[in-house]
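Every chain is numbered from 1, with letters handed out A, B, ... down the list of sequences.
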2 protein chains.
Amino acid sequence: MHATTLHRPTHRETLWELEEAFERGDLVTVFGRCTVDYDGRATSSLGSGNRLVILKPDGSTLVHTDEKRTPVNWQPPGSEHHASVRDGRLRVRGTRRNPAETLDVHFEQVHQFSALSVTGGRDLDLHGSEEDLRQHVLDDPSLVESGFIPLETERESAAGPMDIYGEDGDGTPVVVELKRRRVGPSAASQLQRYVEALHRELGDESEVRGILVAPSVTDRTSALLDEEGLEFVALDPDTGRPPDGDTATGDSEETQNTEETEKTADTGDSEGTS
Amino acid sequence: MHATTLHRPTHRETLWELEEAFERGDLVTVFGRCTVDYDGRATSSLGSGNRLVILKPDGSTLVHTDEKRTPVNWQPPGSEHHASVRDGRLRVRGTRRNPAETLDVHFEQVHQFSALSVTGGRDLDLHGSEEDLRQHVLDDPSLVESGFIPLETERESAAGPMDIYGEDGDGTPVVVELKRRRVGPSAASQLQRYVEALHRELGDESEVRGILVAPSVTDRTSALLDEEGLEFVALDPDTGRPPDGDTATGDSEETQNTEETEKTADTGDSEGTS
DNA sequence: TTGTTCATGTCGGCG
DNA sequence: CGCCGACGTGAACAA
């Protein structure tokens, strides 16, 4: 581990240290007054101001102001860094092809330069994603509906892979779409795509049910689900159980299967993870 | 403008400077060996390693490794920073409510601390977004189709706001969905949602056309569009004209209006921007 | 605050 | 490398 820092360096000094840092594979931060120009998937320009520029050894460039989580300008990983001095200004350029794009940072003045060796320890242990929700459902399919039997995950269809494919107690095909958070209209459309594709695949006479599993759903989306004959089951991705305010279980006398459907899954005695 | 930098400071020194920097509203960078723990919308932990931590005066926290554009961990703007020393470690905590979430960075060692005044100049001039494409179409509606008349943008429907609502030469309602880049299935679904909602709104006897305007479309999506009776028009968001390889203009003898539809817009003499 | 959608989204996985 | 969908998406804007 090492850290090189220059205070108010000349452009020539910065240029030299930049190239050394690129060579070593350091992470570089440059704080200074600069303009930024981007051209590629879109086009942008940013007037002069003091910003923090980060150059990563994987080729990425981040230009940060004092606000927001998202950089005001950037270049993705896989780009190439190149630095030069022209017209009394230091230029740091990031380029890539496919898509072709270029980011130019022109420094009028560099207030601070740092080269840091940031190697090691970058794998994150994350819980609470859609993957976890799926595991909950596979561990105890009755969470979706009593009698539900998962048959396949990521099952392919003409509309793409569906999260969980299975059958209900009557042997009717069921498509389950999982969302880790409150869902909007797009999730309903996505589920509908899968249901329609499967319906076409299995034959026009076949019934196919679609169930959206998420912690909650917006009003408009709830209406869309109703119109499409799709169903909703409330599940929290963390606990794998119905959220606290478990209203809107979808059965507002509009679900198409009016026979004795038991939607209330019996909680409690799930054996859980192996 | 000022920049304070400490090289291998003690935790006590860092703590002092951190609180000063928070007070001044500086942007802070801390480079050091640390662990990171997050709990909120999800839960994550990150083992010990050398990382660059950025603390913005708007409350955001970014933890960057030597790879990727996206921080390995973060806290959004609007959070609150708090620093303390416990058990011989420096803890920097970011918290917010709604949703409730906490990010803890525990430093075993700080290699470098900087406090930077990054005020000013953060508005970006950006071109090439969907907004530009819309302007192109509104300037010359024949780009979509000869005879097309835009009536309203962001028109509300039961399925949400549609990009452009208008009429074709026959007075048939048309929903136009704009995309700045090559589109996948979700865009087709989105358009279909709007068309269906409008169809319902105007009455079951009414015909409603849906046109997807984008530079290009994937094969599967093209099939989806066909099945739904939706149309596609190829337009480049930058130039507002058909892209170079202008194949797949949608008229593969499957569009439902087989009367004399003139899809080929006359290029060239568009008056353009006012 | 909630709902909805765009984004230079970014990122990972699979074919 | 393209397609496809998740993401602690973030950010802007309207209701």
**Report entry** A:K56 side chain to B:T65 backbone, donor-acceptor under 3.5 Å
**Finding:** yes
Nearest-nucleotide check on DNA chain C, A:S186 vs A:V72; residue mapping nearer the 5' end is A:S186
Closest of D:dA6, C:dT8, C:dT5 to the B:R193 side chain is C:dT5
Of B:R69 and A:Y38, the one whose closest nucleotide on DNA chain C sits nearer the 5' end is A:Y38
>> Distance check, P atoms only: C:dT4 and D:dG8, in whole angstrom units.
In response: 22 Å
To the nearest angstrom, the CZ-C1' distance between A:R155 and C:dC14 comes to 17 Å
Of D:dA6, C:dT10, C:dG12, the nucleotide closest to the side chain of A:D163 is D:dA6
Correct closest heavy-atom pair for A:I164 and A:P150 would be CG2-CB, 4.0 Å
(message) If you go through the side-chain atoms of A:N73, does one of them form a donor-acceptor pair with the base of C:dT8 closer than 3.5 Å?
(response) yes
Whichever of A:E67 and A:G160 has the more 5' nearest nucleotide on DNA chain D, that residue is A:G160
In whole angstroms, the gap separating P of D:dT9 from CD of A:E131 amounts to 16 Å
Atom CG of B:D132 and atom P of C:dC6 are separated, to the nearest Å, by 15 Å
A:Q190 side-chain N/O to D:dC4 phosphate OP1/OP2 under 4.0 Å = no
Short side-chain N/O contact to D:dC4 OP1/OP2 from A:Y194, under 4.0 Å
no
Would the base of C:dG3 count as contacting A:D219 through its side chain, where contact means a donor and an acceptor less than 3.5 Å apart? no
- Task: Look at the side-chain N and O atoms of A:T218 and state whether any lies under 4.0 Å from the OP1 or OP2 oxygen of C:dT4.
- Result: yes
Check your understanding: Would one find a side-chain N or O of A:R220 under 4.0 angstrom from OP1 or OP2 of C:dG3?
Key -> no
**Prompt:** For B:P99, which contact category applies under a 4.0 Å heavy-atom criterion: base, sugar-phosphate, or nothing?
**Reply:** nothing
### Query
Heavy atoms under 4.0 Å, any strand shown: does B:A159 hit a base, just sugar-phosphate, or nothing?
sugar-phosphate
Between the NE2 atom in B:H106 and the CG atom in B:D37, the distance rounded to the nearest 0.5 Å is 7.5 Å
Separation between CZ (B:F107) and CZ (B:R33), nearest 0.5 Å, reads 12.0 Å
Considering only heavy side-chain atoms of B:P161, the closest of C:dT4, D:dC7, C:dT8 is C:dT4
Q | Phosphate-side-chain proximity, B:K179 and C:dA7, N/O vs OP1/OP2 below 4.0 Å | A | no
Taken to the nearest whole Å, CG/B:L124 to P/C:dG9 is 13 Å
When the P atoms of C:dT8 and D:dC4 are compared, how many Å lie between them, rounded to an integer?
22 Å
Check your understanding: Is B:W74 near enough to D:dG10 that one of its side-chain N or O atoms lies under 4.0 angstrom from OP1 or OP2?
Key -> yes
Shortest non-hydrogen pair, A:E156 vs A:E201, comes out as O-OE1, 4.4 Å
Would you tabulate the pairs of protein nitrogen or oxygen atoms and nucleotide nitrogen or oxygen atoms of nucleotides 13-15 of chain D closer than 3.5 angstrom?
none

For a quick test of reading the model: is some side-chain N or O of B:R181 closer than 4.0 Å to OP1 or OP2 of C:dG9? yes
In terms of heavy-atom contacts, A:L52 and B:V118 come closest through N-CG1, 4.4 Å
Whole-Å distance, B:L224 CG to D:dC4 C1', equals 12 Å
Nearest heavy-atom contact between A:D236 and A:L133 is O-CD1, 4.3 Å
Here the distance between atom C1' of D:dG10 and atom CG of A:L62, to the nearest Å, is 15 Å
Separation of C:dT5 atom P from B:E130 atom CD, nearest Å, is 11 Å
Pick base, sugar-phosphate or nothing for B:Q75, based on heavy-atom distances below 4.0 Å to the nucleic acid. base
Residues in residues 39-50 of chain B with a heavy atom under 4.0 Å of DNA chain D, by number, are B:R41, B:A42
- With respect to the phosphate group of C:dC11, does any side-chain polar atom (N or O) of B:T70 fall under 4.0 Å of OP1 or OP2? yes
In this structure, CG of B:L225 is separated from CG of B:L230 (nearest 0.5 Å) by 5.5 Å
Whole-Å distance, A:E101 CD to C:dT10 P, equals 7 Å
State, yes or no, whether a side-chain contact exists between A:V208 and A:L202 at a heavy-atom distance under 4.5 Å.
yes
_Within the 3.5 Å criterion, strictly below it, is a donor on A:N73 or A:S44 matched to an acceptor on the partner's side chain?_
yes
Considering only heavy side-chain atoms of A:E177, the closest of D:dA6, C:dT10, C:dG12 is D:dA6
- Query: Where the side chain of A:D140 meets the backbone of A:V137, is there a donor-acceptor pair that is under 3.5 Å apart?
  - Reply: no
#### Entry: N/O donor-acceptor pair under 3.5 Å between A:H136 side chain and A:L143 backbone
no
